[in-house]
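Along the sequence shown, residues carry numbers from 1.
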Amino acid sequence: MVRQYWAALRALLVFTVILGLGYPLLVWLVAWLPGLHDQAQGSIVDAGGKPVGSSLIGQLYLDAAGRPLPQYFQGRPSEAGAGYDPLSSGGSNLGPESIVDIPADPAKLAAGASPAEAGYQPSLLTQVCSRSAEVARFEGLDQAGGSRPFCTPGGVGAVLSVIGPRDPRGNVARPVRVVSVNEPCAAGKQLFLDRYEGVPVQCAAFGENYSLGQIVPIRGAAPEVPGVPPDAVTASGSGLDPDISPAYAELQIPRVARARHASQDQIRALVAQTESGRALGIFGQASVNVLRLNLELDRRYPV
């Protein structure tokens, strides 16, 4: 029995040295190899000797009231917590079929509740539409510049519930009632569409179920390529994406140039310096790291 315990103790000591000391030391030494050191240190970016963020995690550039700061390039929307929270990394779990909103209770709204407190849950389509309208206003685009396919001018999903007898294929053969499901009734409110196949379009009344109708998204007259790029209106799967597309960066250049009292060509040159191409020349898309770009702006053209 003593020999067995002594053998077990020796095995414990040997594996403690190998796995508890040797292996961590080996990993620590490997992390100092060229090309791996930055990743091992978490890709922390310093400014003036102080850490200001990670080049791998996006962050918000807002004022005290939560409004985007015009002198900074803005990143993608984020569904991670209150925005870019590494402890709440994730997306909205809404897919391309999420096109019908859950409306707010008008009684709760009248009592002073916020839309979220009143039960309002926007669909993915409405989130994209509202973000596109907000970005267009912030960047000084006209209404046409912020318009997107399947979006109303008011910034919600342009979706109808078409009710009527159906043909053998399940499509409504003859509409008898048409409802704009994402536009609630309001005094004097003009709907995005007056008539559909000769039937007047009605607003959505709270509490009614329109799922018995055929749900029909209306494309509208938006341009084939919207003025607001897709990454400006959609969150990444992680909610932590630190990069934006060159197209979204280009859209923001005039606004940043005005705020920084610089020319657009000067700001465009900084964007080009922080732009990364495809990985290995073939994977992914070109991107611009927002943190590095904004730090370079503060260094070259401080406000």
Q: Considering non-hydrogen atoms only, spot the tightest contact between Ala249 and Val288 and give its length.
A: CB-CG2, 4.3 Å
Q. Does a donor on one side chain and an acceptor on the other come within less than 3.5 Å for Asp265 and Ser263?
A. no
Q.
Under a 3.5 Å distance rule, please check whether Thr16 uses its side chain to pair with a backbone N or O of Leu12 as donor and acceptor.
A. yes
Q) Do Ser238 and Ser89 touch side chain to side chain, with heavy atoms closer than 4.5 Å? A) yes
Q.
Could you report the tightest heavy-atom contact between Cys129 and Val156, atom names first, then the distance?
A. SG-O, 3.7 Å
Q) Is a side-chain N or O of Arg255 found less than 3.5 angstrom from the main chain of Glu139, in a donor-acceptor match? A) no
Q) Would you say Val290 and Ile57 are hydrophobically clustered, going by side-chain heavy atoms of ILVMFWY under 4.5 Å? A) no
Q) Would you say Glu197's side chain and Pro175's backbone share a donor-acceptor pair under 3.5 angstrom? A) no
Q. Does any N or O in the side chain of Ser132 come within less than 3.5 Å of the main-chain N or O of Arg148, such that one atom is a donor and the other an acceptor?
A. no
Q.
My understanding is that a hydrophobic cluster links ILVMFWY residues whose side chain heavy atoms are under 4.5 Å apart, including indirect links. Using that, what else belongs to the cluster containing Val179?
A. Ile99, Val100, Leu125, Phe150, Val159, Val181, Tyr210, Ile215
**Q.** Nearest-0.5 Å distance that lies between atom OH in Tyr248 and atom CZ in Phe73
**A.** 10.0 Å
**Q.** Same apolar cluster: Trp6 and Leu13, side chain cutoff 4.5 Å
**A.** yes
**Q.** Salt bridge flag under 4.0 Å for residues Arg76 and Asp231
**A.** no
(Q) Closer than 4.0 angstrom, basic N to acidic O: yes or no for Glu296 and Arg299? (A) yes
Q | Close side-chain approach of Phe206 and Pro184, heavy atoms under 4.5 Å | A | no
**Q.** Gap between atom CG of Leu109 and atom OH of Tyr120 - 0.5 Å precision
**A.** 11.0 Å
Q: Can you establish whether the number of heavy atoms outside Gln190 located under 6.0 Å from its atom CD is more than 12?
A: no
Q | Leu293 side chain reached by Ile244 side chain, heavy atoms, under 4.5 Å | A | no
Q) Where the side chain of Asp167 meets the backbone of Ala173, is there a donor-acceptor pair that is under 3.5 Å apart? A) no
Q) Can you name the closest pair of heavy atoms from Ala222 and Pro149 and give their distance? A) CB-N, 3.4 Å
Q: For side-chain contact (heavy atoms from CB on, under 4.5 Å), just list the numbers for Ser180 and Cys203, CA-CA rounded to whole Å, side-chain angles, deciding distance to a tenth of an Å, and then say yes or no.
A: CA-CA 5 Å; Ser180 177; Cys203 57; 5.9 Å; no
(Q) To the closest 0.5 Å, what do you measure between OG (Ser161) and CG (Leu212)? (A) 6.0 Å
Q | Close side-chain approach of Val45 and Arg292, heavy atoms under 4.5 Å | A | yes
Q: Inspect the surroundings of CZ in Arg219 and state if more than 12 heavy atoms from other residues, nucleotides or ligands are less than 6.0 Å away.
A: yes
Q. Does Ser78 reach the main-chain N or O of Tyr84 with its side chain, forming a donor-acceptor pair under 3.5 Å?
A. yes
Q.
Just so I know, are the side chains of Pro122 and Asn182 near enough to count as touching, which here means a heavy-atom distance under 4.5 Å?
A. no
Q. Just how far is it from atom CZ of Arg67 to atom CG of Leu62, taken to the nearest 0.5 Å?
A. 10.0 Å
Q) Between Asp298 and Arg260, is there a salt bridge with N-O shorter than 4.0 Å? A) yes
Q: Evaluate whether atom CD of Gln4 has more than 12 neighbouring non-hydrogen atoms of other residues, nucleotides or ligands under 6.0 angstrom away.
A: no
**Q.** Reported CD-to-CD distance for the pair Gln127 and Gln121, which is rounded to 0.5 angstrom
**A.** 10.0 Å
Q: Please answer: with hydrophobic residues joined when any side-chain heavy atoms are less than 4.5 Å apart, are Tyr61 and Leu240 in the same cluster?
A: no
Q: Could you check Gln202 against Arg177 for side-chain hydrogen bond (donor to acceptor under 3.5 Å, both in side chains), going step by step and ending with a plain yes or no?
A: CA-CA 8 Å; Gln202 304 172 5; Arg177 187 184 180 201; 2.9 Å; yes
Q) With ILVMFWY side chains joined below 4.5 Å, transitively, what does Val172's cluster contain besides itself? A) Leu160, Val162, Val178, Leu191, Phe192, Leu193, Tyr196, Val199, Val201, Val216, Ile218
**Q.** Worked check of side-chain hydrogen bond (donor to acceptor under 3.5 Å, both in side chains) between Ser55 and Asn289
**A.** CA-CA 7 Å; Ser55 62; Asn289 189 273; 5.1 Å; no
(Q) Using side-chain heavy atoms (C-beta onward) and a distance below 4.5 Å, is Leu291 in contact with Gln59? (A) yes
Q: Decide if atom CZ of Arg174 counts as having more than 12 heavy atoms of other residues, nucleotides or ligands within a radius under 6.0 Å.
A: no
Q.
Taking the basic N atoms (NZ, or NE/NH1/NH2) and the acidic carboxylate oxygens, is any pair closer than 4.0 Å for Glu79 and Arg131?
A. yes
Q | Test item: Arg195 side-chain N/O and Gly198 main-chain N/O as donor-acceptor pair under 3.5 Å | A | yes
Q: Could you pull out the closest heavy-atom pair between Ser147 and Pro226, with the gap in Å?
A: O-CB, 3.9 Å
Q: Answer yes or no: is there a side-chain heavy-atom contact under 4.5 Å between Val228 and Val233?
A: yes
**Q.** Flag side-chain contact, heavy atom, 4.5 Å: Leu297 against Gln71
**A.** no
Q. Can you check whether Thr126's main-chain N or O pairs, donor with acceptor, with Ser130's side chain at less than 3.5 Å?
A. yes
Q: Return the minimal non-hydrogen interatomic distance between Tyr301 and Leu270, and the atom names on each side.
A: CE1-CD1, 3.6 Å
**Q.** Residue pair Asp85 / Gly81: nearest heavy atoms and the distance that separates them
**A.** CB-CA, 4.2 Å
Q. Is there a path of hydrophobic side-chain contacts, each under 4.5 Å between heavy atoms of I, L, V, M, F, W or Y residues, that connects Leu69 with Val52?
A. yes
Q | Rounded distance [0.5 Å steps], OG1 in Thr274 versus CG in Asn294 | A | 9.0 Å
